[in-house]
2 protein chains.
Amino acid sequence: MKIPLYQQIKDKIIAMIDIMEPNASIPSERDFTDHFQASRMTVRKAINELVDEGYLYRDANRGTFVSDKRLIKKNSLLTPEFDKHTILYFDVKASCGEDVSLKLNISRDTSVVRFIRILSKDNINIALEEVYIARNQLTDDAFNDLPKLENFNAFFNRGSASFTVIPMLVPIKYANLLGVKLETPILSIESIIYKNDGSPLVYIKSFNHPVYRLIEITD
Amino acid sequence: MKIPLYQQIKDKIIAMIDIMEPNASIPSERDFTDHFQASRMTVRKAINELVDEGYLYRDANRGTFVSDKRLIKKNSLLTPEFDKHTILYFDVKASCGEDVSLKLNISRDTSVVRFIRILSKDNINIALEEVYIARNQLTDDAFNDLPKLENFNAFFNRGSASFTVIPMLVPIKYANLLGVKLETPILSIESIIYKNDGSPLVYIKSFNHPVYRLIEITD
DNA sequence: AAGTGGTCTAGACCACGCG
DNA sequence: GCGTGGTCTAGACCACTTG
């Protein structure tokens with residue numbers, strides 16, 4: 001398991017700037033070239049990735065600086081913050097509903113794995129997720145590991161995800177689970193994880209606590 | 001106005017893949033090296049950016065392929081789609097409310113430019129925006145140009161933006177403007193545009209039509 | 001064996017900001 | 001005039017997939 005040089009440099013720079021003040025300047029690329037005994041292009045690759053991720057920012061002709069921590073990029077749609085998930089249902093259906101058939105681009109008589117789970121944090125239920133995956137997209141091993149899988153972004157490693165945010169009143173059947181009154185406005189999020197070839201792989205419909213499940217994106 | 005070689009190559013590749021089928025393979029980096037008379041690192045830079053933007057995907061050791069058009073990355077929070085904006089109010093207040101003071105990290109007695117505008121598309125009002133900027137952050141030229149400015153991402157060119165999505169019932173005062181009934185659940189979006197040094201520059205609070213203003217993100 | 005993307009080097013020239 | 005980041009070159013070796 002060889003770790004590329006630029007990745008090692010990234011890790012060292014992250015550790016270095018972690019104890020620096022925002023807007024402090026970091027050494028120049030040429031200084032790093034000496035310090036890390038690497039070529040300038042390799043140092044640049046490390047720094048460029050940190051700039052893309054929001055850890056650093058550049059001012060052309062002036063230097064490279066430490067970002068305010070608030071500006072580090074995040075996407076809470078992609079990586080919801082929870083510390084426990086509880087599965088309410090897990091089943092394999094011989095057919096699927098029309099919405100699932102459309103979202104996963106499969107026929108109604110395709111076998112589909114479905115489960116419903118609660119995401120919680122600090123013992124507060126923050127979201128309820130309905131997850132659908134066509135059975136034939138899963139190896140037997142993946143199928144067996146599914147209930148243990150916390151984050152479906154594993155599927156997203158070699159693909160993309162799209163999200164649509166929809167305002168609605170809390171569904172009656174989920175009001176109690178989310179601990180909110182009837183008629184409370186909440187966010188529903190429809191997520192589809194696609195493979196690189198464009199075929200949909202996972203369809204997730206979530207219902208989110210209006211206060212404790214904060215949707216925040218920094219870009 | 002010199003256009004970098006890698007940017008010219010990007011443009012040519014975009015034009016090339018526009019008429020190709022999804023998942024078709026594009027020429028190898030070494031072929032492009034000959035074709036564009038550029039070094040492999042320059043070709044790679046062009047291709048890497050297109051991969052980051054979702055136009056292409058790579059399979060290590062196999063090749064580079066055209067993405068399904070659905071997978072091209074977008075963020076409708078960053079670039080809302082509208083074709084007209086109408087300003088309802090535009091004023092400069094000698095002081096600001098507590099929420100604005102907190103979001104822009106300024107004292108209550110700082111002079112603030114405020115305006116309220118309607119975004120519409122196809123003659124449908126899709127969102128209402130309240131925009132706040134500290135007066136001292138604007139040059140006189142920028143101040144005068146403000147009403148003409150459609151997209152505040154101009155400010156974001158050298159900075160970052162953060163978004164928080166909040167579910168709520170449509171505010172009574174905006175229900176008519178958005179053309180929705182009272183008690184309709186909608187999305188409110190709080191946006192803050194930061195400068196690179198971490199200081200907040202623009203605060204936008206928007207109220208969005210639940211059907212016509214779709215919040216979609218592909219990542 | 002041939003071809004691909006992934007990494008890496010050791011240089012180079014440029015435009016621009018700053019003192 | 002010096003230092004910075006931005007661009008660019010012409011090579012190199014590697015691990016891996018595929019015919």
Side-chain angles (χ1 to χ4, degrees), chain A residues 1-13 16-17 20 23-67 71 157-160 195-197, chain B residues 1-14 16-17 20 23-67 71 139 157-160 195-197:
Chain A
M1 185 62 178
K2 177 156 170 30
I3 297 172
L5 183 54
Y6 77 86
Q7 183 61 53
Q8 300 176 38
I9 294 175
K10 268 184 76 172
D11 293 339
K12 284 174 185 165
I13 295 178
M16 172 189 305
I17 65 178
M20 290 174 69
N23 303 308
S25 76
I26 67 166
S28 76
E29 298 171 354
R30 290 166 179 84
D31 287 345
F32 273 144
T33 292
D34 293 341
H35 183 264
F36 291 126
Q37 287 294 305
S39 77
R40 188 171 157 219
M41 291 307 272
T42 301
V43 169
R44 264 183 81 75
K45 169 149 182 160
I47 294 177
N48 278 335
E49 294 203 355
L50 293 174
V51 170
D52 288 343
E53 293 163 15
Y55 288 93
L56 301 172
Y57 65 94
R58 295 185 188 275
D59 264 10
N61 315 318
R62 292 214 320 122
T64 304
F65 306 88
V66 179
S67 294
L71 304 187
N157 273 347
R158 283 155 39 93
S160 295
K195 294 194 287 187
N196 272 332
D197 67 7
Chain B
M1 186 63 178
K2 178 156 169 31
I3 298 172
L5 182 54
Y6 77 87
Q7 183 61 54
Q8 300 175 39
I9 294 175
K10 268 184 75 173
D11 294 339
K12 285 175 184 163
I13 296 177
I14 287 179
M16 171 189 305
I17 64 179
M20 291 174 67
N23 302 308
S25 77
I26 68 167
S28 75
E29 296 171 356
R30 289 166 180 84
D31 288 346
F32 274 142
T33 292
D34 293 341
H35 183 263
F36 292 125
Q37 288 294 304
S39 77
R40 188 172 159 220
M41 290 307 272
T42 300
V43 168
R44 266 183 79 76
K45 170 149 181 159
I47 294 177
N48 278 335
E49 294 203 356
L50 293 174
V51 170
D52 288 343
E53 294 164 14
Y55 289 92
L56 301 172
Y57 65 93
R58 295 184 187 276
D59 264 11
N61 315 317
R62 293 216 319 123
T64 304
F65 306 87
V66 179
S67 294
L71 304 187
T139 64
N157 274 348
R158 285 157 35 96
S160 295
K195 294 194 288 187
N196 271 333
D197 68 6

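Computed from a predicted structure; not experimentally measured.
- The A/R40 side chain lies nearest to D/dG6 when the options are D/dG6, C/dC8, C/dT4.
- Residue A/E29 contributes atom CD, which lies 14 Å from atom P of C/dT9 at whole-angstrom precision.
- With a 4.5 Å cut-off on side-chain heavy atoms, A/H35 and A/V43 do not count as touching.
- Phosphate proximity of D/dC8 to B/K45: absent, as no side-chain N or O sits under 4.0 Å from OP1 or OP2.
- The CG atom of A/L56 sits 12 Å away from the P atom of D/dG6 (whole-angstrom rounding).
- Taking 4.5 Å as the limit, every side-chain heavy atom of A/L71 sits out of range of all side-chain heavy atoms of A/Y57.
- Between C/dT4 and B/S28, a contact under 4.0 Å exists linking OP1 or OP2 to a side-chain N or O.
- What separates CZ of A/R30 from P of C/dC13 is a distance of 13 Å, to the nearest Å.
- Rounded to whole Å, atom C1' of C/dC8 lies 16 Å from atom CZ of A/F36.
- The interatomic distance linking A/N61 (CG) with D/dT4 (P) rounds to 11 Å, in whole Å.
- Inter-residue side-chain proximity for B/F65 and A/D197 is flagged as unmet; no heavy-atom pair is nearer than 4.5 Å.
- In the set C/dT4, D/dT4, C/dA10, the nucleotide with an atom closest to the side chain of A/M41 is C/dA10.
- The phosphate of C/dC8 (OP1 or OP2) has no side-chain N or O of A/Y6 nearer than 4.0 angstrom.
- Atom CD1 of A/I47 is separated from atom P of D/dT7 by 14 Å (rounded to the nearest Å).
- Distances shown here put a side-chain N or O of A/T42 below 4.0 Å from the OP1 or OP2 atom of C/dT9.
- We find that CG of A/L5 is positioned 15 Å from C1' of D/dA12, with the value rounded to whole Å.
- The phosphate of C/dG6 has OP1 or OP2 within less than 4.0 Å of a side-chain N or O from B/R58.
- No side-chain heavy atom of B/K45 sits under 4.5 Å from any side-chain heavy atom of B/I9.
- Distance from the side chain of B/S39 is smallest to D/dT9 among D/dG5, D/dT9, C/dG5.
- Ranking D/dT9, C/dT7, D/dG5 by closeness to the A/T64 side chain, first place goes to D/dG5.
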| message | What verdict does the side chain to side chain contact (heavy atoms under 4.5 Å, CB included) test give for A/I47 and A/F32, after you've listed the backbone C-alpha separation in whole Å, the side-chain angles of each residue and the deciding distance to 0.1 Å? | response | CA-CA 10 Å; A/I47 294 177; A/F32 273 144; 4.0 Å; yes
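- If you measure from atom CD1 of A/I3 to atom C1' of D/dA15, you get 17 Å, rounded to the nearest angstrom.
- For A/R62, no side-chain nitrogen or oxygen approaches OP1 or OP2 of D/dG3 to under 4.0 Å.
- With DNA chain D read from its 5' end, the first of the two nearest nucleotides for A/I26 and B/Q8 is the one closest to A/I26.
- Note on A/R44: every side-chain N or O is 4.0 Å or more away from OP1 and OP2 of D/dG5.
- Residue B/K2 is out of contact with every strand shown, counting any heavy-atom pair closer than 4.0 Å.
- Residues B/N196 and A/D59 form a side-chain contact, since some pair of their non-hydrogen atoms from C-beta on lies under 4.5 Å apart.
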